[in-house]
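Down below is the structure, laid out as structure tokens.
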Amino acid sequence: MDQVFEAPADATRRRLLDRLHERGGRTLGELCEHIDMTRQSVTRHLAVPEAANLVASVRRGREKLHRLNPVPLHEVQERWIDKFERPCLRALSALRRQAEEAVSDKPAFVYVIHIRSTSEAVWDALTDAELTTAFRGRSNVSDWKPGSRWEHVRTDGSGIADAVGEVVESERPGRLVTTWTSPENEGRQEAYSKVTFDIRPHADIVRLTVTHEDPADERERADVAGGWAAVLSNLKSLIETGSPLPQQPWLMPNG
């Protein structure tokens with residue numbers, strides 16, 4: 001948390017964060033534009049918000065694209081802001097929505113969280129039907145082989161799936177890529193979005209990066225923007241403590 005507050009303490013870092021706030025998905029070269037210092041110096045400044053998880057990066061071909069990561073802001077909200085008046089909550093929600101601004105007409109939302117665990121445990125939490133029920137309220141059901149179908153199934157006994165898709169890549173315990181759509185749109189390729197889970201271990205912790213690309217419509221954009229930070233907070237609590245959060249965080253009012 002100290003690093004979250006340290007990141008905007010410098011004028012240059014604030015300028016970099018502002019540029020990512022204006023538009024996510026910028027390369028280092030784009031971030032260096034209009035900043036009167038060397039590329040190496042900009043890299044050192046950018047490393048501070050990256051260490052704080054305020055900036056996440058993903059590779060597309062030879063390019064490394066940088067975006068704001070709203071998860072630390074969500075944690076600040078839970079720890080301090082929720083105690084205050086609704087206008088503060090509305091302001092933070094507006095900041096989060098702008099922080100998730102995309103490069104294209106169909107944005108990509110990137111979330112990064114660190115979990116005290118192993119890669120295998122994080123993978124199992126994302127793919128095991130019983131564990132996904134514990135932190136998502138739905139069961140993720142599949143054999144998780146490339147080309148297989150997967151479903152996000154309700155646990156009320158109805159067997160209804162709220163989301164379906166295909167497993168694109170499956171490399172336990174490091175990488176899982178799936179497509180997503182609603183059951184009524186299954187088979188319509190233009191209605192699919194893509195979710196990538198990158199799981200990277202470092203000593204006793206795991207860095208989980210979730211990238212949700214090409215949400216199909218405004219409703220899905222709203223669900224993605226407000227949902228993943230809450231889901232990942234619940235996942236982290238389940239893995240680290242053995243129990244999810246006492247209330248479902250995605251049901252918390254935005255103000």
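Checked by atom type and distance alone, the side chain of Thr132 pairs as donor or acceptor with a backbone atom of Ala129 at under 3.5 Å.
With rounding to the nearest 0.5 angstrom, the OH atom of Tyr111 is 8.5 Å from the CG atom of Asn69.
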Carefully, step by step, assess His66 and Thr27 under the rule side-chain hydrogen bond (donor to acceptor under 3.5 Å, both in side chains).
CA-CA 6 Å; His66 300 82; Thr27 64; over 6 Å; no
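Scanning both residues, Asp198 and Arg175, for their nearest heavy atoms gives OD1-NH1, 3.0 Å. The nearest pair of heavy atoms linking Ser57 to Glu50 is OG-OE2, 4.2 Å.
Under 3.5 Å, the side chains of Asp143 and Ser148 contain a donor-acceptor pair of N or O atoms. A donor atom on one side chain and an acceptor atom on the other are found under 3.5 Å apart for Asn185 and Ser182.
More than 12 heavy atoms of other residues, nucleotides or ligands lie within 6.0 Å of CD in Gln189, so this atom counts as buried by the packing criterion. Heavy-atom contacts from other residues, nucleotides or ligands closer than 6.0 Å to CD of Glu240 number more than 12.
In summary, the aromatic rings of Trp150 and Trp180 are positioned with their centroids under 6.0 Å apart.
Among pairs with a residue in residues 123-138, those fulfilling salt bridge (charged side-chain N to carboxylate O under 4.0 Å, His left out) read Asp124-Arg172, Arg138-Asp162, at least two apart in sequence or across chains.
Taking Ile, Leu, Val, Met, Phe, Trp and Tyr as members and joining any whose side-chain heavy atoms lie under 4.5 Å apart, directly or through other members, Val164 forms no hydrophobic cluster with any other residue. In this structure, Val141 shares a hydrophobic cluster with Val153, the cluster being traced through Ile, Leu, Val, Met, Phe, Trp and Tyr side chains under 4.5 angstrom apart.
Looking only at side-chain heavy atoms (C-beta outward), Thr178 and Glu166 stay at 4.5 Å or farther from each other.
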